[in-house]
Visitor: 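Dropping a structure here in structure tokens format, bear with me for questions.
Letters A, B, ... are given to chains in the order of the sequence lines, protein chains preceding strands, and every chain is numbered from 1.
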There are 2 protein chains.
Amino acid sequence: MALTIGRVAVQCGVGVETIRFYEREGLIAQPARPESGFRKYPPDAVRWVRFIQRSKALGFSLREIRELLSLRVDSAATCDAVKGRAEAKIADIEKKIGHLREMKQALVKLTVACRGKRPTSECPILEALGDGD
Amino acid sequence: MALTIGRVAVQCGVGVETIRFYEREGLIAQPARPESGFRKYPPDAVRWVRFIQRSKALGFSLREIRELLSLRVDSAATCDAVKGRAEAKIADIEKKIGHLREMKQALVKLTVACRGKRPTSECPILEALGDGD
DNA sequence: ATGCACCCCGTACCATACTACGGTGTCAAG
DNA sequence: CTTGACACCGTAGTATGGTACGGGGTGCAT
């Protein structure tokens, strides 16, 4: 039933060091430690790590994930708090997308201005980047 | 005519340390150094820094900017090489946008499932993040 | 000539999320 | 009982793009 750190790591597709890192960072509870000193994880530990992995995939930083996890164990906290974090993250992502779109627009504008073949000393892209303000 | 590092920094809105950092990283040429040891920049130096700033704003990393700069001084290089970097960066940005959109979709799906008010122990968002695979 | 702003250098530090290393101890199979 | 795989710990290194610090030297104005 009880798992070693190595088994948890393999089940989650991460390295042992990553689990220890999450523990140090307060993302994973300290597991039982028999006299040997070896960590003994309950099967649930795999889900703790998966929670972190899924949250990361949604764009949450480890700091934010730690906050989500503390909301989970805070009996006074409600769903709204969690929802709020998710909505804030959505807003965050939208801002990033907007920013990336602007970058892309600017790059497209530069690339269409460049017809190639000329030496780089006459490149309209480099000129646009280097021109005085 | 010649500028101190501090003047260049102010003109570009960056710190003196940033200019020295760019120099160390090979993004800015070593300027003249009279006996005092103080860097003496030509007025053009401001444009070197602006080139870096604009390239950064388009999403290029310092490593990529270094490459753009070496294309600029490579008389054998042509515009196409520069255009290629710009197009690669556009593709890069599109990939990032796609990734962010997927995150957003997933988050939206979770938030609409959450109606708030309940304790976090029954939060559908947290449940989705923590459920076994 | 004296003060103060500015410059020099090397090094260390910030956040992020790990990853690697070295030296040692433990468990389980043969 | 030995051997090999696995675990322990603390520290340091990776990439990115700077920022800060400490101890010193310089240049200009008053």
Side-chain angles (χ1 to χ4, degrees), chain A residues 1-28 30-41 45 48-69 89 92-93 96 99-100 103, chain B residues 1-28 30-41 45 48-69 89 92-93 96 99-100 103:
Chain A
M1 279 296 85
L3 303 166
T4 62
I5 192 170
R7 284 194 177 283
V8 175
V10 167
Q11 299 250 324
C12 298
V14 302
V16 166
E17 298 304 324
T18 302
I19 310 271
R20 301 213 311 117
F21 172 70
Y22 288 160
E23 184 182 313
R24 269 201 311 283
E25 295 293 309
L27 292 160
I28 285 181
Q30 307 268 343
R33 297 271 203 138
E35 344 72 69
S36 70
F38 287 23
R39 291 167 180 82
K40 251 174 123 57
Y41 292 96
W48 305 343
V49 178
R50 292 246 164 86
F51 184 101
I52 297 169
Q53 294 178 304
R54 293 204 184 113
S55 303
K56 263 164 45 76
L58 293 179
F60 290 102
S61 67
L62 296 190
R63 169 191 300 273
E64 290 164 338
I65 295 168
R66 189 163 42 224
E67 287 170 12
L68 289 175
L69 288 165
K89 183 52 66 181
D92 215 58
I93 289 172
K96 274 187 191 152
H99 191 198
L100 287 169
M103 285 179 178
Chain B
M1 280 297 84
L3 303 166
T4 63
I5 192 170
R7 284 193 178 282
V8 175
V10 167
Q11 298 251 322
C12 298
V14 302
V16 165
E17 298 304 323
T18 301
I19 309 272
R20 300 212 314 116
F21 172 70
Y22 288 160
E23 185 182 312
R24 270 202 310 284
E25 294 293 308
L27 292 161
I28 284 181
Q30 307 268 342
R33 296 273 202 136
E35 344 73 69
S36 71
F38 285 26
R39 292 168 180 83
K40 249 173 124 60
Y41 292 95
W48 304 343
V49 178
R50 292 246 164 85
F51 184 101
I52 297 170
Q53 294 178 303
R54 293 205 183 110
S55 303
K56 263 166 43 77
L58 294 178
F60 290 103
S61 67
L62 296 191
R63 170 191 299 274
E64 290 164 337
I65 294 168
R66 190 162 43 224
E67 286 170 12
L68 289 176
L69 288 165
K89 184 52 65 182
D92 217 57
I93 289 172
K96 274 185 190 153
H99 191 199
L100 287 169
M103 285 180 180

Visitor: Test of understanding: with side-chain contact (heavy atoms from CB on, under 4.5 Å), list the residues that count as partners of B:Lys56, not counting sequence neighbours.
Guide: B:Tyr22, B:Ile52, B:Leu62, B:Ile65

Visitor: Kindly say whether B:Glu25 contributes a backbone atom to a donor-acceptor pair with the side chain of B:Arg66 at under 3.5 angstrom?
Guide: yes

Visitor: List for me each residue that meets salt bridge (Lys or Arg N to Asp or Glu O under 4.0 Å) alongside A:Arg20, sequence neighbours excluded, and say none if there are none.
Guide: A:Glu17

Visitor: Strictly under 4.0 angstrom, non-hydrogen atoms only: write out the protein contact profile of nucleotides 25-30 of chain C, one letter per nucleotide from the 5' end, B, S or -.
Guide: BSS---

Visitor: With heavy-atom distances below 4.5 Å as the criterion, would you say the side chains of B:Leu68 and B:Glu64 are in contact?
Guide: no

Visitor: Take atom CZ of B:Arg33 and atom C1' of C:dC7, then tell me their distance rounded to the nearest Å.
Guide: 10 Å

Visitor: From CG of A:Leu27 over to C1' of C:dT16, roughly how many Å is that when rounded to an integer?
Guide: 13 Å

Visitor: Within the 4.5 Å heavy-atom criterion, are A:Met103 and A:Leu100 side-chain neighbours or not?
Guide: yes

Visitor: Which pair of non-hydrogen atoms, one from B:Glu23 and one from B:Pro31, has the smallest distance, and what is that distance?
Guide: OE1-CD, 3.6 Å

Visitor: Could you tell me the separation between the CD atom of B:Glu64 and the C1' atom of D:dA15, rounded to a whole number of Å?
Guide: 13 Å

Visitor: For B:Thr4, enumerate each residue passing the side-chain hydrogen bond (donor to acceptor under 3.5 Å, both in side chains) test, keeping only those at least two apart in sequence or located in another chain.
Guide: none

Visitor: D:dG27 P sits how many Å from B:Ile5 CD1, rounded?
Guide: 16 Å

Visitor: Please report the closest heavy-atom contact between A:Gly6 and A:Val16, naming both atoms and the distance.
Guide: CA-CG2, 3.8 Å

Visitor: Starting from the first five and the last five pairs of the helix from C:dA1-D:dT30 to C:dG30-D:dC1, work out the angle between the resulting helix axes, to 10 degrees.
Guide: 20°

Visitor: Identify the pairs formed between an N or O of the protein and an N or O of nucleotides 17-19 of chain C at a distance under 3.5 Å, and give each distance.
Guide:
from: C:dA17; atom 1: OP2; to: A:Leu62; atom 2: N; distance (Å): 3.2
from: C:dC18; atom 1: OP1; to: A:Lys56; atom 2: NZ; distance (Å): 3.2
from: C:dC18; atom 1: OP2; to: A:Tyr22; atom 2: OH; distance (Å): 2.9
from: C:dC18; atom 1: OP2; to: A:Lys56; atom 2: NZ; distance (Å): 3.3
from: C:dC18; atom 1: O5'; to: A:Tyr22; atom 2: OH; distance (Å): 3.4
from: C:dT19; atom 1: OP2; to: A:Thr18; atom 2: OG1; distance (Å): 3.2

Visitor: Could you tell me the separation between the CG atom of A:Leu3 and the C1' atom of D:dA7, rounded to a whole number of Å?
Guide: 15 Å

Visitor: Test of understanding: with salt bridge (Lys or Arg N to Asp or Glu O under 4.0 Å), list the residues that count as partners of B:Arg24, not counting sequence neighbours.
Guide: none

Visitor: Expressed in angstrom and rounded to an integer, what is the separation of B:Gln30 atom CD from C:dC8 atom C1'?
Guide: 14 Å

Visitor: side-chain contact (heavy atoms from CB on, under 4.5 Å) with A:Glu67: which residues, sequence neighbours excluded?
Guide: A:Arg63, A:Arg85

Visitor: At a cut-off of 3.5 Å, list every protein nitrogen or oxygen paired with a nitrogen or oxygen from nucleotides 28-30 of chain D, distance to 0.1 Å.
Guide:
none

Visitor: For B:Gln11, check side-chain contact (heavy atoms from CB on, under 4.5 Å) against everything at least two apart and list the hits.
Guide: B:Val46

Visitor: Counting distance only, does the side-chain N/O of A:Lys89 pair as donor-acceptor with the main-chain N or O of A:Gly59 below 3.5 Å?
Guide: yes

Visitor: For A:Gln53 and A:Cys12, work out which heavy atoms get closest and say how close.
Guide: NE2-O, 2.9 Å

Visitor: Tell me whether the OP1 or OP2 atom of D:dG17 has a side-chain N or O from B:Arg66 closer than 4.0 Å.
Guide: no

Visitor: Heavy atoms, side chains only, cut-off 4.5 Å: are B:Arg33 and B:Arg39 in contact?
Guide: yes

Visitor: What is the nucleic acid contact for A:Arg39, judged by heavy atoms within less than 4.0 Å: base, sugar-phosphate only, or nothing?
Guide: sugar-phosphate

Visitor: Just the rounded figure in Å: distance from C1' of D:dG17 to CD of B:Glu25.
Guide: 9 Å

